[in-house]
Each structure stands twice: as structure tokens, then as C-alpha cells.
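Single-structure report; data block below.
Sequence lines set the chain letters: A, B, ... in the order given, protein chains first and strands last, and positions in each chain run from 1.
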Protein chains: 2
Amino acid sequence: MDSVAAQDDNAALPGPCSRWPAESIGTIRQVMARAGDKWSTLVVATLQDGPLRYTDLQRAIPGISQRMLTLTLRQLQRDGLVTRTAYAEVPPRVEYALTALGTTLLGVVLSLIDWAGTHHQDIHQNQIAYDAAQAD
Amino acid sequence: MDSVAAQDDNAALPGPCSRWPAESIGTIRQVMARAGDKWSTLVVATLQDGPLRYTDLQRAIPGISQRMLTLTLRQLQRDGLVTRTAYAEVPPRVEYALTALGTTLLGVVLSLIDWAGTHHQDIHQNQIAYDAAQAD
DNA sequence: CCGTATCCTGAACGATACTG
DNA sequence: CAGTATCGTTCAGGATACGG
């Protein structure tokens with residue numbers, strides 16, 4: 001098992017003259033580590049229409065490795081964002097689903113994805129323009 | 001300078017689909033690399049009230065290194081999310097500000113931060129419960 | 001079918017030193 | 001003041017192989 005880096009830096013940082021309340025930095029960072037993680041985001045978004053099995057998730061998310069899928073699911077489960085339900089059958093079946101909390105995150109994630117779809121073309125053009133300007 | 005890895009994944013994201021259109025994965029990943037990055041997020045959020053100078057940003061964001069601040073600003077600038085304005089004065093002054101596009105991202109980012117503030121306590125409790133269950 | 005265990009590489013990041 | 005250049009480390013994450 002890899003290190004999971006679940007460190008709790010909710011404690012205040014020593015930085016008096018910050019615009020950001022120092023304690024919120026840790027909070028934001030913690031949330032970003034989950035809500036901003038590309039695999040977590042994709043898994044949450046993929047579960048939006050209902051429970052899915054491990055293999056279904058793997059097929060639904062091209063490019064994810066077994067390792068990262070398992071790791072991501074464990075994190076989400078630990079955070080209470082998804083549930084894992086194993087059915088004692090043959091062959092074995094395991095289903096993952098969003099919790100109520102996970103569903104609240106889904107809203108935010110979908111906003112992000114929506115923003116992506118709306119603006120990625122603009123961004124791409126900006127990048128081309130910027131790179132062209134640098135080439136001078 | 002670090003590699004910038006500006007890979008080109010095209011195709012628009014049409015809308016919610018039960019399975020992920022493979023071509024949208026790249027798009028999402030690209031956006032996540034910006035909108036989900038902790039430093040980018042913090043910089044954008046810090047610029048919400050108006051333009052700031054390099055040093056101000058550094059003070060406003062505890063824990064960011066010079067290197068990452070510069071790198072993050074360059075990325076955001078390249079994506080057309082922030083502007084860089086240098087005034088030919090003595091001493092030199094450079095101001096960074098959100099573009100219109102950057103402001104649209106700000107909304108999403110603030111949602112994310114809001115979600116963080118609302119639920120991080122729950123998440124923390126879930127983690128404790130999960131860890132306790134594992135300890136058996 | 002649903003994972004876990006191990007190895008390994010390259011990218012991210014911080015620290016430090018230097019410049020216009 | 002506002003960066004750039006370089007180095008060293010850490011670690012995320014892919015590939016692979018194996019177990020329940």
C-alpha cells in the first residue's frame with residue numbers, strides 16, 4: 001500500500017498578515033486533494049446515474065489503472081463520499097454508489113465539468129496566442 | 001523552466017452521458033489540471049477583490065514558494081485567466097488581475113471552497129469513523 | 001471478478017542562489 | 001521588486017504479477 005497522505009493540517013499556520021484566514025488554507029487544501037483530484041472527480045461524476053461495479057467503473061473511465069481506481073475508491077469511501085457494498089455471491093459482486101454527501105459534491109463537480117466544456121475552447125485559443133507571442 | 005506539457009485534446013463536451021465519451025476525458029483532465037490545482041485555485045481566489053502585486057500574492061498565500069507562484073501565474077496567464085501588467089517605474093511594479101474568463105472560473109472555485117467549508121467537518125468525522133472500523 | 005503487493009520512473013515541488 | 005536557474009528529494013502513479 002502506498003502512503004495515502006491523509007495528513008491533518010487543520011492546525012493554524014503561523015502567518016499573521018495573510019488575506020486568507022490561515023486555518024482555511026488547510027481546509028481548502030484538504031478538499032482540493034479530493035474534489036480537485038482528477039480521478040476522484042471522474043469517479044464521482046461517473047457514479048452520478050447510480051451504483052456501478054468495480055469493473056464497470058474501470059471500463060467507464062478510460063486510462064485509469066487498477067491501482068488508482070482502488071486507491072481512489074478507498075479515499076472516497078473513507079471520506080464518506082461513496083459506499084462499497086459487497087454481495088456474497090458467485091461470482092463476487094461489489095457495487096459502489098454515492099452517499100448523500102457524495103451527491104452534494106457531485107453538484108460542484110458537475111459545475112466544474114460544465115465550466116470545462118464551456119470554456120476549454122477559449123483556453124486553448126489563449127494558449128495558442130500566448131505561445132505565438134512568446135515565439136517572437 | 002519546467003516542461004509545460006500542452007497536449008492537445010480536442011472535442012467539445014456535449015453533455016452528461018451515462019458512460020464517459022472518451023474524448024471528453026482529456027478535456028476534463030486539462031481543466032482539472034488548472035481549476036483543480038491547489039495553487040491555481042488559491043491564486044484565483046486571492047485575486048477576487050482586485051489586482052495584486054507579486055509580493056502581495058506571496059504574502060497572501062502562506063506556504064507558496066517563489067517558484068510555484070511564478071509557475072502558477074505563468075500558467076494562468078497562458079490560459080487567459082489572469083493578466084500581467086508591468087509598470088516601467090522605479091522600483092518596478094507588476095500587477096496581476098483576473099480576466100473576464102478568470103472571473104467565470106472564480107465562481108466555480110468559490111463554490112468549491114464553500115463546499116469545503118460546509119462539509120469538511122463531516123468528512124473529518126467520516127475519516128475517523130472509517131479508521132476506527134479498520135482498526136478492528 | 002475484485003482486488004492487493006511490489007517495483008520503478010518521471011514529474012512536481014521546495015530550497016537555494018543569482019539577476020535586471 | 002520581481003523574477004530566473006539549478007539541484008535534490010519526494011512521491012504520485014503506471015506496469016506487472018499474484019491472491020481470495
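- Look at CG on A:D37: it is 14 Å from P on C:dA12, rounded to the nearest Å.
- Evaluation of the side chain to side chain contact (heavy atoms under 4.5 Å, CB included) rule for A:Q66 yields A:Y54, A:Q58 as partners, not counting sequence neighbours.
- Within 4.0 Å of B:T70, counting heavy atoms only, lies at least one base atom of the nucleic acid.
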| Which nucleotides of nucleotides 15-20 of chain D have their base under 4.0 Å from a protein heavy atom (B), which only their sugar-phosphate (S), and which neither (-), written as one string 5' to 3'? | B-B---

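- Among residues two or more places apart in sequence or in another chain, the salt bridge (charged side-chain N to carboxylate O under 4.0 Å, His left out) test is passed with B:D114 by none.
- One can place CD1 of B:I64 at 15 Å from P of D:dA2, the figure rounded to the nearest angstrom.
- A side chain to side chain contact (heavy atoms under 4.5 Å, CB included) with B:V82 is found for one member of B:L47, B:T99, B:L101 and no other, namely B:L47.
- At whole-Å resolution of the value, CD in A:Q58 and C1' in C:dC1 are 11 Å apart.
- Under the rule for a side-chain hydrogen bond (donor to acceptor under 3.5 Å, both in side chains), the partners of A:D56 that lie at least two apart in sequence or sit in another chain are A:R59.
- Atom CH2 of A:W39 and atom P of D:dC11 are 21 Å apart (whole Å).
- With sequence neighbours left out, the side chain to side chain contact (heavy atoms under 4.5 Å, CB included) criterion links B:T55 to no other residue.
- Between the P atom of C:dA12 and the CZ atom of B:R74 lies a distance of 17 Å, rounded to the nearest Å.
- Residues satisfying the side chain to side chain contact (heavy atoms under 4.5 Å, CB included) criterion with A:D37, sequence neighbours excluded, are A:W39, A:S40.
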| note | Base-pair string, DNA chain C, Watson-Crick plus G-U, cut-off 3.5 Å on both distances, | for inter-strand, is |.||||||||||||||||||

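- Of the candidate nucleotides D:dC1, C:dC1, D:dG3, D:dG3 has the atom nearest to the side chain of B:Y54.
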Under 3.5 Å, which donor-acceptor pairs do the side chains of residues 83-92 of chain B form with other protein atoms, sequence neighbours left out?
from	atom 1	to	atom 2	distance (Å)
B:T83	OG1	B:A97	O	3.4
B:R84	NE	B:Y96	OH	3.4
B:E89	OE1	B:R93	NE	3.3
B:E89	OE2	B:R93	NH2	3.1

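- Distance, A:R84 CZ to C:dT4 P: 8 Å, rounded to whole Å.
- By the side chain to side chain contact (heavy atoms under 4.5 Å, CB included) test, B:S65 is found to be paired with B:R67, B:M68, residues two or more places apart in sequence or in another chain being considered.
- As rounded to whole Å, 6 Å separates atom P of D:dG14 from atom CE of A:M68.
- Put simply, CG on B:D56 is 12 Å from P on D:dG3, counting in whole angstrom units.
- With rounding to the nearest 0.5 Å, the separation of CG in B:L69 from CG in B:L42 is 11.0 Å.
- The residue B:Y96 sits close only to the backbone: its heavy atoms come under 4.0 Å of sugar-phosphate atoms, none of a base.
- At C:dC2, none of the side-chain N or O atoms of A:R93 fall inside 4.0 Å of OP1 or OP2 (strictly under the cut-off).
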